[in-house]
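Let me begin by presenting the structure, written as structure tokens, before commenting on it.
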Amino acid sequence: MFAALKRLFGTKGPIAANEEASKGVAKSRLHFVLVQDRTGLTTEEMAEFKQELINVINRFFDIHSDALDVSYKRDTGMTTLLINSPVLVRRRPGVDEAPTKNKERPIKPVTVNLTTAVTKEVSSATDAGSPIQRAKKSVGDDVDTEALAAEITSTKVTDGKIVD
Amino acid sequence: MTVTKKTECEVIVITSGKGGVGKTTTTASLGAALALKGKRTLVVDADIGLRNLDVIMGLENRIVFNLVDVAKGACKSSQAIIKSKRSNNLYLLPASQTDDKDVVSEEEIRLAIDQFRREFHFVLIDSPAGIEQGFRNACAAADSAIIVATPEVASIRDADRVVGLLAAKGIEPRLIINRLDAEMVRRGDMLSVEDVQDILGIELVGVIERDEAVIIAANTGEPVVYNHKSRAGEAFSRIASRVCGEPIPIPRIGETSLWGRLSRRLGI
């Protein structure tokens with residue numbers, strides 16, 4: 001009886017087990033493979049791209065370097081390069097909200113989303129040149145390569161306070 | 001026989017990238033379903049050298065001329081098309097079996113297909129697998145495209161590549177998900193409709209569940225849409241309606257009711 005109830009309400013029920021089931025593995029493998037196929041970057045180029053991003057972001061924010069995620073998402077008509085980097089924003093003592101009874105308040109990660117809209121698909125593999133050059137060639141004058149680097153939207157930070 | 005103005009005909013290429021996911025079955029069944037709705041439909045086998053659409057349609061012993069003959073001007077277009085067994089609205093233009101895909105150019109195919117625009121409401125082109133000349137030929141005359149994919153890693157990866165190639169040609173494709181297994185989706189062992197849609201990011205036009213009736217239909221040479229007991233057949237009929245612009249909702253597959261979920265958790 002209790003076992004049944006536990007399965008009903010417990011965290012390790014069959015539904016949680018599904019998260020580890022093979023479809024989850026399939027999704028993450030596809031994610032990895034499709035980013036490479038869509039961006040045209042090799043594994044080495046992708047690692048280099050990520051490392052450079054981490055270096056830039058690290059100059060301004062504390063970053064979870066392992067958690068940086070690059071994906072290339074397609075929606076009808078538009079393709080977006082999405083860079084997700086969970087960033088640790090620390091409260092400044094004496095400036096931000098007063099300390100609570102827990103002196104050591106856990107640091108809340110704030111996600112900074114860098115979004116770049118690329119409105120056309122890069123055409124087939126015959127294009128030469130770096131990915132940026134290829135992207136510029138296919139999109140034409142619509143894309144400013146500097147703007148390609150960032151539109152940082154800092155979510156959920158207002159008046160210096162961290163708002164959930 | 002002039003039935004339509006040139007602009008009224010829609011030429012749709014059925015493609016996938018990956019082989020064996022159901023392009024030929026889809027072409028035959030969607031064609032048959034459109035014909036049942038009263039639309040004059042031509043299905044074209046563009047898999048030169050490896051023809052199969054004729055076999056799925058049950059017309060393998062009626063072939064005289066083929067797509068290559070029409071493209072090269074070796075026969076009149078009306079001589080090459082074969083009327084189907086069950087419907088006066090459905091015709092087949094078969095592929096050649098002895099040539100290979102480089103024997104015709106994209107331009108020759110485009111001109112050949114354009115000859116049929118006045119006679120049909122729909123021309124469905126069964127593309128070969130791959131992304132080389134055969135695929136390019138199949139897309140040459142197309143106004144729009146339907147990509148067939150199964151909810152499997154290899155199929156989705158190839159379909160994604162094809163979406164990119166079609167976009168470069170200015171064709172916005174739609175998606176059919178084939179061979180979905182509701183039970184496997186529920187267990188978490190198969191990607192769901194939402195997963196596939198989310199990954200590929202193109203408009204969904206239909207979902208077809210795994211169905212033995214499809215294999216039986218291929219055995220007998222009668223497109224599965226004529227089998228009224230078949231869920232796959234019903235799915236193709238609904239897809240035909242959507243292709244004609246009717247807003248038929250896509251049934252949700254692989255999700256259980258609350259009681260279904262509860263009873264599964266309790267192990268009963």
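Below, chains carry the letters A, B, ... as their sequence lines are ordered, and counting in each starts from 1.
Chain A forms the most heavy-atom pairs under 4.5 Å with one residue out of B:Asp189, B:Val153, B:Asp160, and that residue is B:Asp160. Per-residue counts of heavy-atom pairs under 4.5 Å with chain A were compared for B:Lys169, B:Met184, B:Gln197, B:Met190; the largest is that of B:Met190.
Taking a 6.0 Å sphere around CD of B:Glu212, one finds it holds 12 or fewer heavy atoms contributed by other residues, nucleotides or ligands. Within a 6.0 Å sphere centred on CZ of B:Arg231, other residues, nucleotides and ligands contribute 12 heavy atoms or fewer.
Note that OG of A:Ser22 is 8.0 Å distant from CZ of B:Arg187, once rounded to the nearest 0.5 Å. Atoms CD1 and CZ, from B:Ile156 and A:Arg29 in turn, are 11.5 Å apart once rounded to the nearest 0.5 Å. Rounding to the nearest 0.5 Å places CD1 of B:Ile199 at 7.0 Å from NZ of A:Lys27.
Residues A:Leu30 and B:Leu191 have side chains in contact (heavy-atom distance under 4.5 Å, counting atoms from C-beta outward). Contact of the A:Lys23 side chain with the B:Asp195 side chain is registered, since non-hydrogen atoms from C-beta on lie closer than 4.5 Å.
When all heavy atoms are compared, the tightest approach of B:Gly188 to A:Ala21 is O-CB, 3.4 Å.
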Could you go through residues 126-138 of chain B and list every donor-acceptor pair under 3.5 Å that involves a side-chain atom there, pairing it with any protein atom two or more places apart or in another chain?
from	atom 1	to	atom 2	distance (Å)
B:Asp126	OD2	B:Thr24	OG1	2.7
B:Ser127	OG	B:Thr15	OG1	3.4
B:Gln133	OE1	B:Arg136	NH2	3.3
B:Gln133	NE2	B:Asn137	OD1	2.8
B:Asn137	OD1	B:Glu106	N	3.3
B:Asn137	ND2	B:Lys101	O	3.4
B:Asn137	ND2	B:Val104	O	3.4

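Applying the salt bridge (Lys or Arg N to Asp or Glu O under 4.0 Å) definition to pairs two or more places apart or across chains, those involving residues 145-158 of chain B are A:Asp37-B:Arg157.
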